[in-house]
Amino acid sequence: MLDEQYMTELASGNESAFDSLVFRYHKPLFGYLYRLLHDEKQAEDLVQETFLKIYQEGKRGFIPEQFKPWMYKIATNRCKDYWKKASTKREFVAEDIYDNPSQVYHIIDHQIERKWMMESLNHLSLDYRTALYLRFYQDLKYEEIAMTLEIPLNTVKTRISRGLNQLEKILQENEGKEERKYE
Amino acid sequence: MSEDKELHKLEKKWASRMERFTTPEPTREQTFMLLDNIRNQAVEEQPQDMRAELEQLQKSRTRLEQMFDLLASQWTFYGMRSWILTAILMLILTISVYGNDPGESGFSLWLKGMSFLMIILIAYAFRPRNEGNATLEELSYYPLIQQMFARFVIVMGVQLILALPLTFFLLGSASTMAYIFGTFTPLFFFGSVGFASTFWLGGSAGTIITSFLWFMQILLDGQVKSFSLFRLPESDWFMLANVFLLLLSILLLWSIVLKREKAGQ
């Protein structure tokens, strides 16, 4: 069944339709928020807030045209609200995580390549990062990313292409630094 | 097109590299817990009935606050610009009707003009606007009749605020309580006719009926003086005519209240 059909079911009072949506999207949504926040607890909270909003809207009778972009839009906005409210800039979050090695190891499973990837992604601006996460990890189409981030289709393509090019540069720089360290 | 191809190639190249950044995954138990939490939180946070909540909020407010809310809602719905335009239109027409003929004959003319203006303004204030009335009826706490009455009060209020000082300005020392009464009554009468006929028969029919009444009055005023509704205090029938108008206006407004009460039973 399509996500939008589940929302229609929820609007007509079928509670189990919401369960299906949660089971379908809990993992991907958590992954998306975790990549943005790098904080397991915070990601859990925002996942809950996002699904709560979906539940309330569904009960009120709202059915989005496309569920996935709508869900990721709610999650992205919740994330932005959190950063604003907590006055915790994402750079600080990124720094915190490297100050706490156990957390890093938990995520990256001791693999240096993964650490590099994570560091490099964190050096990208939020605009590029969200576009890349939605494309590569959440499997959203360009049109869906445009709807999620409320930007034109061409801007999505530009962000992905520039984001990847920047990522390449950052990774090369990191590689160079590591090599110099062992020389 | 070539840009799209390039992007496609770039994505293909990066697809496998991106997989290196993995995240922890929630367990099935955590998903069940999440569902429980959401349901509990939804019960705590979400009011089941928005209307009931609104009514509860209204009950906690004083009568005066409720009345203010009602007037404010009409003001907000039609917008500041709309109401200011109403006031400006009233002012321009008032001054143009009065012209350069001050004194008693000017006053008589002015009174006729003002009452006609009342008809125009009632039509303007009750004009349909994007089915707004129906939307407000559904969404708002206030019934449509209350909203219509609020607009009537605003039109009358603005009219009187403009009319009273102008009475003094036009008549100067000749201004008396009788003149003020003689100003208020015809305005109130045409306002009430406009409001009641709009309520009973709809906006267009209400405007046509009230305009017809006004034109008939102007026509008769010239031909048969005894039928005139616009009387100066000097007239023998001034008080009787004005009391009659006032009673007729009250009766018209009362018919609406009676209908509401009957409908409520």
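Residue numbering restarts at 1 for every chain, and letters A, B, ... go by the order of the sequence lines.
Neither the backbone nor the side chain of A:Glu49 comes within contact range of chain B; no heavy atoms are under 4.5 Å apart. In this structure, the portion of A:Tyr133 lying under 4.5 Å from any heavy atom of chain B is its side chain and not its backbone. If you measure heavy-atom distances from A:Phe23 to chain B, the contacts under 4.5 Å come from both the backbone and the side chain.
Between the side chains of A:Asn14 and A:Ser16, a donor-acceptor pair is found at a separation under 3.5 Å. For B:Ser255 and B:Trp200, the side-chain atoms include at least one donor-acceptor pair closer than 3.5 Å. Defined by atom type and a distance below 3.5 Å, a donor-acceptor pair is present between the side-chain atoms of A:Tyr32 and A:Thr76. In this model, a donor atom of one side chain and an acceptor atom of the other lie less than 3.5 Å apart for A:Gln48 and B:Gln41.
Contact residues of residues 27-35 of chain B toward chain A are B:Arg28, B:Gln30, B:Thr31, B:Phe32, B:Leu34, B:Leu35 (heavy-atom distance under 4.5 Å).
For A:Gln166, the side chain to side chain contact (heavy atoms under 4.5 Å, CB included) partners two or more places apart in sequence, or in a different chain, are A:Leu124, A:Tyr128. Listed by chain and residue number, nothing satisfies the ring pair (Phe, Tyr, Trp, His ring centres under 6.0 Å) test with A:Phe51 (two or more places apart in sequence, or in another chain). A search for side-chain hydrogen bond (donor to acceptor under 3.5 Å, both in side chains) contacts involving A:Asn154 returns nothing, not counting sequence neighbours.
The pair A:Glu15-A:Lys59 meets the salt-bridge criterion, with a side-chain N (NZ, NE, NH1 or NH2) lying under 4.0 Å from an Asp/Glu carboxylate O.
Note on A:Val22, A:Leu167, A:Leu164: by heavy-atom pairs under 4.5 Å with chain B, the leading option is A:Leu164.
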